[in-house]
Amino acid sequence: MNGYFKVLGALGLFLVMIPVLLGTLTVMISRRNKALSVVIGGFYAQIILGGIGVAIHELSHLLTALFFGHQIVSFRLLHVPDPHNPADNALGYVNHAWNEHSFYQRVGNVFIGIAPVVGCTLAIVGLTQWLVPGIFTLWHALITQTEAPQIHLAAGRTILWLILIGNIAIGGFDLSSADLENSATGLMTLIIVFLAAALILCQFTTGPTVAQTLRTWLAPFYWSLAFALLINLLMLGILSLLSRLG
């Protein structure tokens, strides 16, 4: 029984606690970034400054829903609200239906709800590798505590990178109450999966082995999330300064 709880603890730490901590911080800062953009430029500023992020946010919901076999009822990757309709305030949406008797589709709700955090993280990492690979290499060196390389940045590509990642940081990471409620519908099913996985794994391996394996496999995802968190913090600093100047 002791071995079971050690395996369960390893699964909980590396698959739940660390990602949830990094993801929650990123979501909270992104929400503040979106609010500041409205303070600086009005309601539609969050569309202008965060529209790409909103589209990636909704696309992440959409693709994950399709992966888990959900029926897509309707979706808009980017929606401009009607200023004359107070109830129309969504910047995008994905409406989907699922079979409540399907174990797989119920578990999928957890991942559909939080998908934008992963999708926007991958977008930021991908854009950084493509446009300013030197910054990505430098970040990786800092995380792995290896020698930092000299980097050379092209002005045009760096400006484009800043515009794109700033847009994602403002519009992409903020999870709505609907997103969180959707995830909650599959949470109990996911807990059952964790308990069963720990029961199976403890028959073949130990907690420390599971911990070491997950740490190795998930390290790139952790420092990608940390990089997204850093980008959001930088954007928070810029927007906070602009709001004070205004």
_Pair Thr216, Gln212 - check side chain to side chain donor-acceptor pair (under 3.5 Å), show working._
CA-CA 6 Å; Thr216 302; Gln212 180 58 43; 3.2 Å; yes
Are the side chain of [X] and the backbone N or O of [Y] linked by a donor-acceptor pair below 3.5 Å?
| X | Y | answer |
| --- | --- | --- |
| Arg157 | Val132 | no |
| Tyr93 | Ser74 | no |
| Thr205 | Leu201 | no |
| Gln46 | Lys34 | no |
| Ser30 | Val27 | no |
| Asn109 | Thr185 | no |
| Asp179 | Ser176 | yes |
| Tyr44 | Val80 | no |
| Asn33 | Asn232 | yes |

Heavy-atom pair with the smallest gap, counting every atom of [X] and [Y]:
| X | Y | result |
| --- | --- | --- |
| Ala10 | Val210 | CB-CG1, 3.9 Å |
| His96 | Ile72 | CB-CD1, 4.2 Å |
| Ala115 | Thr64 | CB-OG1, 3.2 Å |
| Phe14 | Ala211 | CE1-CB, 3.6 Å |
| Leu36 | Ser240 | CD1-OG, 3.6 Å |
| Arg76 | Glu58 | O-CG, 3.8 Å |

At what distance, to the nearest 0.5 angstrom, does [atom1] of [X] lie from [atom2] of [Y]?
| X | Y | atom1 | atom2 | answer |
| --- | --- | --- | --- | --- |
| Leu122 | Ser224 | CG | OG | 7.0 Å |
| Phe173 | Met28 | CZ | CE | 15.0 Å |
| Leu180 | Leu187 | CG | CG | 11.0 Å |
| Ile29 | Leu239 | CD1 | CG | 12.0 Å |
| Ile56 | Leu63 | CD1 | CG | 11.5 Å |
| Ile159 | Ile163 | CD1 | CD1 | 7.0 Å |

Evaluate the side-chain proximity of [Y] to [X]: yes if any heavy-atom separation is below 4.5 Å, no if none is.
| X | Y | value |
| --- | --- | --- |
| Tyr222 | Pro19 | yes |
| Ile165 | Phe227 | no |
| Trp98 | Ile112 | no |
| Ile18 | Leu218 | no |
| Ile47 | Leu91 | yes |

hydrophobic_cluster_shared for [Y] and [X], side chain cutoff 4.5 Å:
| X | Y | answer |
| --- | --- | --- |
| Leu242 | Val39 | no |
| Leu236 | Leu22 | yes |
| Val117 | Val107 | yes |
| Leu21 | Leu175 | yes |
| Phe194 | Val7 | yes |

*Verify side chain to side chain contact (heavy atoms under 4.5 Å, CB included) between Leu195 and Tyr4, making sure each step is shown before the conclusion.*
CA-CA 9 Å; Leu195 295 174; Tyr4 171 77; 3.4 Å; yes
*Determine, stepwise, if the pair Ile168 / Leu127 fulfils side chain to side chain contact (heavy atoms under 4.5 Å, CB included).*
CA-CA 11 Å; Ile168 295 171; Leu127 285 169; 3.7 Å; yes
*Under 30°, 30 to 60°, or over 60°: which ring-plane class applies to His57 and His61, parallel, tilted or perpendicular?*
perpendicular
*Check the angle between the aromatic planes of Phe111 and Phe68 and answer parallel, tilted or perpendicular using the 30° and 60° thresholds.*
parallel
_Please check if the number of heavy atoms outside Phe75 that lie under 6.0 Å from its CZ is greater than 12._
no
*Would you indicate whether Gln203, at its atom CD, is surrounded by more than 12 heavy atoms from other residues, nucleotides or ligands within a distance under 6.0 Å?*
yes
